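Data first, discussion second: the structure below is written as structure tokens.
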Number of protein chains: 2
Amino acid sequence: MSSPTDRTTTARAAAKQASLARILDAGAARMRSEGLSGAAIGPLMQEAGLTHGAFYAHFPSKNELALAAFSHGFSSGRPRWLGRIRDVSWAARLKRLAQRYLNQAHRDNLPESCGFAALASDAARAGPQFRERYEEELRRTLEAIRRPFADGDDAATDDTIALMALCVGGLSLSRAVASEALSMRILRVCQTAAATLADAADTQDSTPGKSK
Amino acid sequence: MSSPTDRTTTARAAAKQASLARILDAGAARMRSEGLSGAAIGPLMQEAGLTHGAFYAHFPSKNELALAAFSHGFSSGRPRWLGRIRDVSWAARLKRLAQRYLNQAHRDNLPESCGFAALASDAARAGPQFRERYEEELRRTLEAIRRPFADGDDAATDDTIALMALCVGGLSLSRAVASEALSMRILRVCQTAAATLADAADTQDSTPGKSK
DNA sequence: CTACTCGTATGACGATCATCATGTCAAATT
DNA sequence: AATTTGACATGATGATCGTCATACGAGTAG
């Protein structure tokens with residue numbers, strides 16, 4: 001380590017960073033579509049344009065990749081999901097997020113979909129390290145949804161938790177089912193339920209100042 | 001193949017049936033706690049008191065076991081979950097089911113827990129065969145919840161779908177998270193949300209109107 | 001120009017897996 | 001009593017996996 005500042009200036013460091021980015025992209029996508037242990041290092045590195053041996057120049061173990069790729073998926077996906085805030089009320093924001101989440105396009109795009117839903121069962125079976133990372137990203141998402149509308153409001157956080165549970169469960173069920181008809185029905189019904197929860201949250205909110 | 005009727009009367013057939021039952025029990029439990037492909041045949045058969053080779057006297061492949069064990073888990077678990085009907089109203093029934101589902105005991109008992117939640121991510125990645133089985137069991141559960149209260153009612157089925165999505169999502173999130181505090185909060189919040197949905201369903205069933 | 005650094009490629013290791021061929025022995029049939 | 005059946009055990013096969021030792025080669029520093 002000659003100088004810590006030129007890490008991004010040298011050609012070699014830039015090449016390694018590009019490789020790392022490809023590994024993270026491939027890892028995040030494959031783990032969401034094939035599971036934490038279902039995504040193997042060999043095919044993953046091949047997708048990244050490298051061979052399996054090069055993996056250990058970037059991560060000491062597969063578990064470390066799982067942690068990094070999971071967070072990487074949210075770092076790149078969260079801004080796309082939340083978008084710029086232009087909703088007029090708290091209830092409207094919750095409804096809009098449910099619409100963005102519970103639809104056919106998101107359901108069918110497993111590699112780029114929400115990691116909370118795609119890796120929920122895997123996280124339940126994973127070690128405490130991964131679950132801590134899962135919780136960290138979940139808390140960040142809850143904050144990102146709630147903060148612009150109700151900073152530090154516990155009731156609004158509860159609203160968001162319920163909405164996310166409904167969305168994660170609805171998306172998971174719609175994916176687990178075989179027939180297109182039932183799958184679409186699940187998505188539609190959960191959207192309606194999300195609207196019901198959002199309206200109920202609006203009337204119950206102890207701090208109604210920010211909404212409307 | 002002398003007589004097809006005495007298959008259950010002979011000592012050998014009874015022994016095989018007992019072995020099959022142990023394999024199904026072990027398979028259903030291990031697949032819920034370790035995943036569809038995470039549960040290996042070797043350890044599974046050892047838990048059933050047999051060796052790995054004996055497996056193929058009962059199932060032609062591991063996939064066939066997955067189908068049978070998944071259904072087996074519901075055949076033995078559904079009566080325990082639904083219990084005898086003694087609720088006075090549709091909303092009360094939905095709330096009671098949410099209470100039975102969204103609690104610490106169910107969360108921590110992964111091997112005997114609800115297969116919909118434990119295998120949701122796995123089903124999304126599985127082939128159409130397993131997803132068809134998943135859908136079949138889901139439809140049976142929806143029917144078993146709804147039928148005693150609203151036979152053939154589409155609105156009641158929608159209520160049940162939304163409740164199950166909320167329950168599956170809430171339980172999955174509570175398992176995927178590291179800290180006990182957040183996990184319990186998720187369960188509590190989702191119980192409250194389930195009650196909100198149940199009340200909204202009650203007012204919607206008898207009197208049309210409100211929001212959609 | 002020389003020596004060193006280090007990301008990557010190659011190949012191998014042991015472990016684990018699903019699957020199957022073969023042997024064995026008790027129960028069932030004749 | 002003799003024969004057949006079939007559930008189960010044993011062991012092997014080939015595939016796949018994570019991990020690592022080693023070697024190469026381009027970039028960097030002196």
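Keep in mind that this is a model prediction, so the values were computed, not measured. Residue numbering restarts at 1 for every chain, and letters A, B, ... go by the order of the sequence lines.
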Distance check needed: [N] [atom2] versus [X] [atom1], whole Å only.
| X | N | atom1 | atom2 | result |
| --- | --- | --- | --- | --- |
| B/Y56 | C/dC17 | OH | P | 12 Å |
| B/K16 | D/dA7 | NZ | P | 3 Å |
| B/F55 | D/dT10 | CZ | P | 18 Å |
| A/N63 | D/dG18 | CG | P | 10 Å |
| B/H58 | C/dA18 | NE2 | C1' | 17 Å |
| A/I23 | C/dG7 | CD1 | P | 11 Å |
| B/Q17 | D/dG6 | CD | C1' | 16 Å |
| B/K62 | C/dC17 | NZ | C1' | 8 Å |

Is there a donor in the side chain of [X] and an acceptor in the side chain of [Y], or the other way round, less than 3.5 Å apart?
| X | Y | result |
| --- | --- | --- |
| B/S113 | B/R32 | no |
| A/T157 | A/R146 | yes |
| A/S183 | A/R175 | no |
| A/T51 | A/Q46 | no |

Practice task
Report yes if some heavy atom in the side chain of A/L163 is under 4.5 Å from a heavy atom in the side chain of A/D159; otherwise report no.
Solution key: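 No. Closest side-chain heavy atoms not under 4.5 Å.
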Practice task
Could you check if a side-chain atom of A/I41 sits within less than 4.5 angstrom of a side-chain atom of A/Y56, using non-hydrogen atoms only?
Solution key: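 Yes, close enough: below the 4.5 Å cut-off.
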Exercise for the section: Output yes when at least one side-chain N/O atom of A/S19 is less than 4.0 Å from OP1 or OP2 of C/dT8, else no. Expected result: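 Checking C/dT8 against A/S19, a side-chain N or O does come within under 4.0 Å of OP1 or OP2.
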Exercise for the section: For the pair B/E47 and B/R22, find out whether any cationic side-chain nitrogen is under 4.0 Å from an anionic carboxylate oxygen. Expected result: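 Salt bridge flag = no for B/R22 with B/E47.
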All N/O contacts under 3.5 Å from nucleotides 10-12 of chain C to the protein, with atom names and distances to one decimal?
unit_1, atom_1, unit_2, atom_2, d
C/dG11, O6, A/H52, NE2, 2.6

Exercise for the section: Taking all heavy atoms of A/W81 and all of A/L97, pick out the closest pair and write down the distance. Expected result: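 Closest pair (atom of A/W81, atom of A/L97, distance): O-CD2, 4.1 Å.
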Problem - Heavy-atom closest contact (B/E143 atom, B/P148 atom, distance) - result: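 The pair with the smallest heavy-atom distance is O-CD, 4.3 Å.
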Problem - Of residues 31-50 of chain B, the positions that come close to DNA chain D - non-hydrogen atoms, cut-off under 4.0 Å - result: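 DNA chain D contact set from residues 31-50 of chain B: B/L50.
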